[in-house]
Number of protein chains: 2
Amino acid sequence: MTNISDIARIAGVSVSTVSRVLNNHKYVSEDKRKIVQKVIKEMNYTPNKNAVDLIRGETKMIGVIIPYNNNQAFDQMLHGVINKSVEKDYSITVLATKYSKEKELEYLSMLKNKWLDGIIITSRANSWETIIPYTEYGSIVSCEYTTHSEIGCAYIDRFSSYVDAFQYLKDKGHEKVAFTTARGTESISTEQTIAAYKRVFGGLPDEYYLPNCFRFEDGYYAGEQLFGRAVKTKPTAIYANGDEVAGGIYKYARSKNMNIPNDLAILGQENQPIGVALDLSSVDHQLIKVGEQAFELTVQKSRRNIEIPYKIIERSSI
Amino acid sequence: MTNISDIARIAGVSVSTVSRVLNNHKYVSEDKRKIVQKVIKEMNYTPNKNAVDLIRGETKMIGVIIPYNNNQAFDQMLHGVINKSVEKDYSITVLATKYSKEKELEYLSMLKNKWLDGIIITSRANSWETIIPYTEYGSIVSCEYTTHSEIGCAYIDRFSSYVDAFQYLKDKGHEKVAFTTARGTESISTEQTIAAYKRVFGGLPDEYYLPNCFRFEDGYYAGEQLFGRAVKTKPTAIYANGDEVAGGIYKYARSKNMNIPNDLAILGQENQPIGVALDLSSVDHQLIKVGEQAFELTVQKSRRNIEIPYKIIERSSI
DNA sequence: CTGAAAGCGCTAACAG
DNA sequence: CTGTTAGCGCTTTCAG
């Protein structure tokens, strides 16, 4: 491993001069700069990033906390982050938690030990109170709205979005509406969905709320639950927490020869390929943009709150 | 930022002793170990990873080179890598190249500057000859078969897979078969598809070969190309390079009221949700397993070649 | 069992 | 413009 002093010795200059040309400082004579560059090239030398980071105290590396690494929604945000990072010469490290509080804390402390310059939280397991102390060590930005002034966020107004979605369904004549969510009531997003539902429809029949839906199969199973079992009044519409889940529901409905949208209207989320394939209406939360914005906030160490707009994409499933 | 000597001073021991308890060395008296641990906890101290990595010469960090960060196939391999990395306490950094040779080289030199312990190449832009010199600085493993002894690989026998797929179509009575690929003939995978095609069908009519297909829309466009324009003999079957692309083709065909599989048989790849939604047959290359194996090889610094089996999933589209 | 001291490879005053 | 030198925070001989 050739290092900076090898280069200095061979080039017949001091390490500082080598360091200067490495970092494009001025005040290096053309002669020396030339020769140093020549030696660097000849020796195929690259500075050791650990040493540089150690002394500089920053790594140009940002971590993205995602609960699951195989979920379309989190993937979209991750993609947004990666998109921007390529331009800005940052590296992105994927931090999967499976919603483990310990794991999440472990990742957060990567800020403390100077491994990461910043962290983007797409979805969290711990309370803000336990997360906030870590902002002392690096920039933390959230993809979920928060009023805590220590945390920047690029967010979608989920409550409004859910209200709009349910209202849209209601306007289309649906009064019996079911919905799926990923996690249960430990999730803010689920809480907001429920609140939005109640706002639009008044009460919420237990059987219309189907948690634990992540993937296609979960949607299919949700269909079975809703129509195969003892649900008193069958819903006429369902709002799924993603197009993949919506796809599973669609599949189930078609397997029972139900007509979409006449027998069952389906509204998905995130405007994914499976949705366009099946011609499913979807509310597009523009998660890629969320990721992109989150990245920008992180590198700028900004604590601003930026709202990303959503839009309902109307197709034939409603 | 409290550091190791702060801890040492407060605990009334030397830095070496602190270092020893940090690294679970034996030969530390219970008394001192206790007090050091107490101080560490009180001070909320975490070792600086840069300093540790600098002196150890390793980072427990692995990079994954992917051309695009929004392509289902690469995502699957990435997910496999991440799955395993969580267990093994490694961090994964995503390295998107867009097939730029320069960018790829830049990433490769992260091995040289001790930033990454290893690199997994899901798809490469440079020749093996230019990549191999970097194996001197860290473990490089490929997700594509290679005989170069310096490189380990977790691969699928693509040529056999393509031959099987085309033969399967032929056995089902299809003689006029078109296919899509991601890149053009600069890609080994495309070359293999073409070779497999010729092996099974003899020649390859130009118009049956449709490159530059990545996403749903590309599949739709491929359908337009094939059926909307002056293709002399319409194909009766098409082998798509992914279920998303297959989905686009399906969508196009249905928009023209074609019957699947009678008017057009469709075979996809990777067994993705969109494929099960549309009931598309698919050859599953088990890319997640490829990623998992690639990870194992990388941390073991192994140069073995491990073949991952594929399987054709029969559904109603053929 | 413990501490002093020598680095790991680099940057940034500081003094010429 | 250039070199000397003192660290960054940690691990690891090497002597006790």
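The analysis underlying the following values was restricted to heavy atoms, covering all of them including side chains, and did not include hydrogens, waters or symmetry mates. Lettering follows sequence order; numbering is per chain, from 1.
- Of the possible donor and acceptor atoms, none in the side chain of A/D117 sits under 3.5 Å from a partner among the backbone N and O of A/I62.
- Salt bridge B/K103/B/E106: present, at least one basic N to carboxylate O contact under 4.0 Å.
- Between B/Y68 and B/F214, the ring center distance clears the sub-6.0 Å criterion.
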Contact string for nucleotides 4-12 of chain D, one letter per nucleotide 5' to 3', B = base within protein heavy-atom range under 4.0 Å, S = sugar-phosphate only, - = neither, reads B--BBBBBB
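- In this structure, the NZ atom of B/K34 is 13 Å from the P atom of C/dT2, given to the nearest Å.
- Using a 4.0 Å cut-off between charged side-chain N and carboxylate O, B/R303 and B/E150 make no salt bridge.
- As judged by a 4.0 angstrom heavy-atom cut-off over every strand, B/K114 is placed among residues making no nucleic acid contact.
- In this structure, A/D31 atom CG and D/dT2 atom P are separated by 8 Å, rounded to whole Å.
- Cation-pi check for B/R183 over B/Y99 is met; the charged atom lies under 6.0 angstrom from the ring centroid and within 45 degrees of its normal.
- Other residues, nucleotides and ligands contribute at most 12 non-hydrogen atoms within 6.0 Å of the NZ atom of A/K34.
- Counting heavy-atom neighbours within 6.0 Å of B/K112 NZ, excluding the residue itself, gives a total above 12.
- From B/I121, atom CD1 reaches atom CH2 of B/W128 across 4.5 Å, with rounding to the nearest 0.5 Å.
- Distance, B/R9 CZ to C/dA4 P: 14 Å, rounded to whole Å.
- Rounded to 10 degrees, the angle separating the terminal helix axes of the helix from C/dC1-D/dG16 to C/dG16-D/dC1, each built from five base pairs, is 40°.
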